[in-house]
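Here the structure comes first, spelled out in structure tokens, and everything after it is commentary.
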Amino acid sequence: MSYVDGFIVAVPKDKIEAYKDLARMAGAVWREHGALTYVEAIGDDVPYGERTSFPRAVQATENEVVIFSWITYESKQSRDAILAKVMADPRLKDQMENMPFDGKRMIYGGFNIAVEV
């Protein structure tokens with residue numbers, strides 16, 4: 001069964017281009033190591049909810065935009081192997097120290113596919 005890693009981050013609006021550069025490079029690394037897909041989506045219709053919302057989840061300010069991302073794999077086992085290779089890849093090590101967003105507010109997790117149409 002397929003497996004998905006999902007991410008939500010708040011990126012300062014003035015760092016969107018730097019984020020896109022990082023995402024392009026990271027996506028190439030993930031795909032090179034075996035990920036099936038790598039997607040980064042910039043929030044367009046994500047209102048700040050009264051109780052819950054994407055912006056609330058990452059404590060986004062009005063100077064930030066929410067990014068919703070996902071990576072797909074053949075299985076959890078392939079994800080674990082790919083992730084180990086990605087984390088050891090020297091192309092990402094420097095980028096992880098100078099991320100264009102606050103990594104402490106990133107939400108992420110791995111998910112089993114329940115329905116795929």
What heavy-atom pair brings [X] and [Y] nearest, and what distance separates the two atoms?
{"X": "Asp89", "Y": "His33", "result": "OD2-NE2, 2.9 Å"}
{"X": "Glu62", "Y": "Lys13", "result": "O-NZ, 3.0 Å"}
{"X": "Glu74", "Y": "Leu36", "result": "N-CD1, 3.7 Å"}
{"X": "Leu22", "Y": "Pro100", "result": "CD2-CD, 3.7 Å"}
{"X": "Phe101", "Y": "Ala10", "result": "CB-O, 3.4 Å"}
{"X": "Ala23", "Y": "Tyr38", "result": "O-CE2, 3.5 Å"}

With the side chain counted from C-beta on, respond yes when [X] and [Y] share a heavy-atom pair under 4.5 Å apart, and no when they do not.
{"X": "Val58", "Y": "Ile107", "result": "yes"}
{"X": "Tyr3", "Y": "Ile113", "result": "no"}
{"X": "Arg79", "Y": "Ile71", "result": "no"}
{"X": "Trp30", "Y": "Ile82", "result": "yes"}
{"X": "Ile42", "Y": "Tyr19", "result": "no"}
{"X": "Pro12", "Y": "Asn63", "result": "no"}

Open item on the list: My understanding is that only residues two or more places apart in sequence, or in another chain, count here; which of them pass side-chain hydrogen bond (donor to acceptor under 3.5 Å, both in side chains) with Thr37?
Closed with: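 Listed in chain order: Thr72.
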
Open item on the list: Between Lys104 and Asp102, does any NZ, NE, NH1 or NH2 come within less than 4.0 Å of an OD or OE carboxylate oxygen?
Closed with: no

- [ ] Anything under 30° is parallel, anything over 60° is perpendicular, the rest tilted; go ahead and classify Phe54 against Phe68.
- [x]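 The rings of Phe54 and Phe68 sit tilted, inter-plane angle from 30° to 60°.
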
Open item on the list: Show me the pairs that pass side chain to side chain donor-acceptor pair (under 3.5 Å) and involve residues 41-60, at least two apart or across chains.
Closed with: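 Side chain to side chain donor-acceptor pair (under 3.5 Å) check on residues 41-60 returns no pairs.
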
Open item on the list: I need the single residue from Tyr73, Trp70, Phe111, Tyr108 that forms a side chain to side chain contact (heavy atoms under 4.5 Å, CB included) with Asp5. Which is it?
Closed with: Tyr73

Open item on the list: Counting neighbours of CD on Glu32 that are heavy atoms of other residues, nucleotides or ligands and sit closer than 6.0 Å, is the number greater than 12?
Closed with: yes

Open item on the list: Checking the side chain of Lys85 only, and the main-chain atoms of Val29 only, is there a donor and an acceptor separated by less than 3.5 Å?
Closed with: no

